[in-house]
Colleague: 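I am attaching a structure below and will ask some questions about it afterwards.
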Amino acid sequence: MSGGVEPETPPGSSSRSGGSTPVGGKPPRHHLTSIRHCASSARIAAASAEFGLDSGTLSLISPPADIRPGFLPVFRSGSFADIGPKSYMEDEHVCVDNLVEHLGLRVPGIPAPGAFYGVFDGHGGADAACFVRKNILKFITEDCHFPNSIEKAIRSAFVKADHAIADSQSLDRNSGTTALTVLISGRTLLVANAGDCRAVLGKRGRAVELSRDHKPSCTVERLRIENLGGTVFDGYLNGQLAVARAIGDWHMKGSKGSACPLTPEPEFREVRLTEEDEFLIIGCDGLWDVMSSQFAVSMVRKELMEHNDPQRCSRELVQEALRRDCCDNLTVVVVCFSADPPPQIEVPRFRVRRSISMEGLHTLKGALDSNV
């Protein structure tokens with residue numbers, strides 16, 4: 001670990017000191033990972049029966065109403081981190097379930113309830129990830145645009161953190177980190193992402209991705225990189241870095257403020273939480289490299305129905321990723337929006353019986369015979 005900064009372990013997290021992979025090898029992938037958002041209820045129900053998952057883990061029926069008047073989410077979270085098979089732990093994360101209590105009276109005008117979460121996947125050492133984890137919330141709340149224009153405040157904070165690493169005499173300015181933050185004010189959830197961490201919303205069992213993985217090979221990112229004079233070689237930015245956006249990595253950037261293919265500026269996604277939105281999963285790319293967003297949501301929903309503990313859900317996701325031979329550090333945060341577990345969702349019974357006429361049967365038989 002370079003630069004001499006000793007990372008702190010945030011409350012509620014845990015990490016192993018070793019990196020051994022569990023015995024048993026890589027299990028077969030669940031075919032549920034292929035179920036997309038547009039899958040019909042019948043297809044999902046059939047997959048549920050085939051693989052033995054509780055029907056309550058899948059999105060089968062949406063409530064007729066959107067939200068009740070006066071609905072407000074309740075925030076509670078759990079996190080888990082593991083070094084995986086690597087020699088060094090370079091991930092960091094932060095969980096603040098009560099933003100008003102955390103900030104006290106220092107920042108007036110914060111809507112309640114409020115919460116803040118982040119995952120930071122370091123590379124080239126842990127200095128950048130540790131620095132961003134310690135300072136990003138302070139940079140956001142001290143920005144002149146906060147709280148009136150939160151998106152501007154967050155964008156400014158990401159750039160400020162990037163420049164602070166360049167100016168630091170104690171940090172390794174060549175270390176870097178991806179950064180994904182989630183700031184929630186009342187029912188408004190704002191995701192800011194620079195890199196390949198991912199935020200996934202569990203909406204009555206359906207996975208809704210709230211961030212885009214900034215891989216250099218992604219068409220949008222590749223065009224942006226090439227327009228700024230960079231190249232993408234074998235999936236790497238300038239043949240060196242596997243992400244297209246990051247804080248730090250000043251060996252790959254020009255002077256501060258200059259246009260550069262590697263940018264610290266985040267992309268944003270804002271959603272209005274409703275009663276259908278049950279939980280949020282935030283994870284580094286080590287998790288998403290080995291499982292789909294839908295599989296993770298289905299797994300967390302099933303676990304919450306059994307024990308209603310987001311901490312255990314985070315640990316289970318990490319352990320499942322290790323069973324799937326993840327080759328990276330692992331960090332997962334699960335945020336629940338209710339004090340209660342997700343409700344059981346029943347598979348609808350189809351009451352209309354469909355029949356085929358004798359004429360139609362003969363037509364079908366003839367068509368089948370003609371194809372023999």
Colleague: Name all residues meeting the side chain to side chain donor-acceptor pair (under 3.5 Å) criterion together with H307; count only those two or more places apart in sequence or in a different chain, and write none if there are none.
Modeller: E303
Colleague: Decide, yes or no, whether a salt bridge links D162 with K253 under the criterion of side-chain N to carboxylate O below 4.0 Å.
Modeller: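 K253 and D162: salt-bridged.
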Colleague: Would you indicate whether E101, at its atom CD, is surrounded by more than 12 heavy atoms from other residues, nucleotides or ligands within a distance under 6.0 Å?
Modeller: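 Atom CD in E101 is not crowded, with 12 or fewer foreign heavy atoms closer than 6.0 Å.
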Colleague: Flag the pair N308 / D340 as yes when at least one side-chain heavy-atom distance between them is below 4.5 Å, and no otherwise.
Modeller: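 No - every pair of side-chain heavy atoms lies 4.5 Å or more apart.
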Colleague: Inspect the contact between K203 and D277 and indicate whether a charged nitrogen and a carboxylate oxygen are less than 4.0 angstrom apart.
Modeller: yes
Colleague: What is the ring orientation for H163 with W250, classed by angle as parallel under 30°, tilted 30 to 60°, or perpendicular over 60°?
Modeller: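 Ring orientation, 0 to 90° scale: tilted.
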Colleague: Quick one: does K215's side chain get under 4.5 Å of E221's, heavy atoms only?
Modeller: no
Colleague: I want to check something: taking the side chain as every heavy atom from C-beta on, are R212 and C218 in contact at a cut-off of under 4.5 Å?
Modeller: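 Yes, their side chains come closer than 4.5 Å.
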Colleague: Could you check whether D285 pairs with R198 (Lys NZ or Arg NE/NH1/NH2 to Asp/Glu carboxylate O, under 4.0 Å)?
Modeller: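 A salt bridge is absent here (no side-chain N lies under 4.0 Å from a carboxylate O).
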Colleague: Would you call E276 and R206 a salt bridge, taking side-chain N to carboxylate O under 4.0 Å as the test?
Modeller: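 No, no charged N to carboxylate O under 4.0 Å.
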Colleague: Which residues pass the side chain to side chain donor-acceptor pair (under 3.5 Å) test with R272, sequence neighbours left out?
Modeller: T188
Colleague: For residues 177-185, please give each side-chain donor-acceptor pair under 3.5 Å, one per line with the distance, not counting sequence neighbours.
Modeller:
residue	atom	partner	partner atom	Å
T177	OG1	D121	N	3.4
T177	OG1	D121	O	3.3
T178	OG1	D121	N	3.4

Colleague: Taking E265 first and then R155, would you say they form a salt bridge - that is, a charged N and a carboxylate O separated by under 4.0 Å?
Modeller: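 Result for this pair is yes, salt bridge flagged.
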Colleague: Do I281 and W288 touch side chain to side chain, with heavy atoms closer than 4.5 Å?
Modeller: yes
Colleague: Is any side-chain N of the basic residue among R245 and D196 closer than 4.0 Å to the acidic one's carboxylate O?
Modeller: no
Colleague: In terms of side-chain geometry, is the basic nitrogen of E320 or R324 positioned less than 4.0 Å from the acidic oxygen of its partner?
Modeller: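 The answer is yes: the pair qualifies as a salt bridge.
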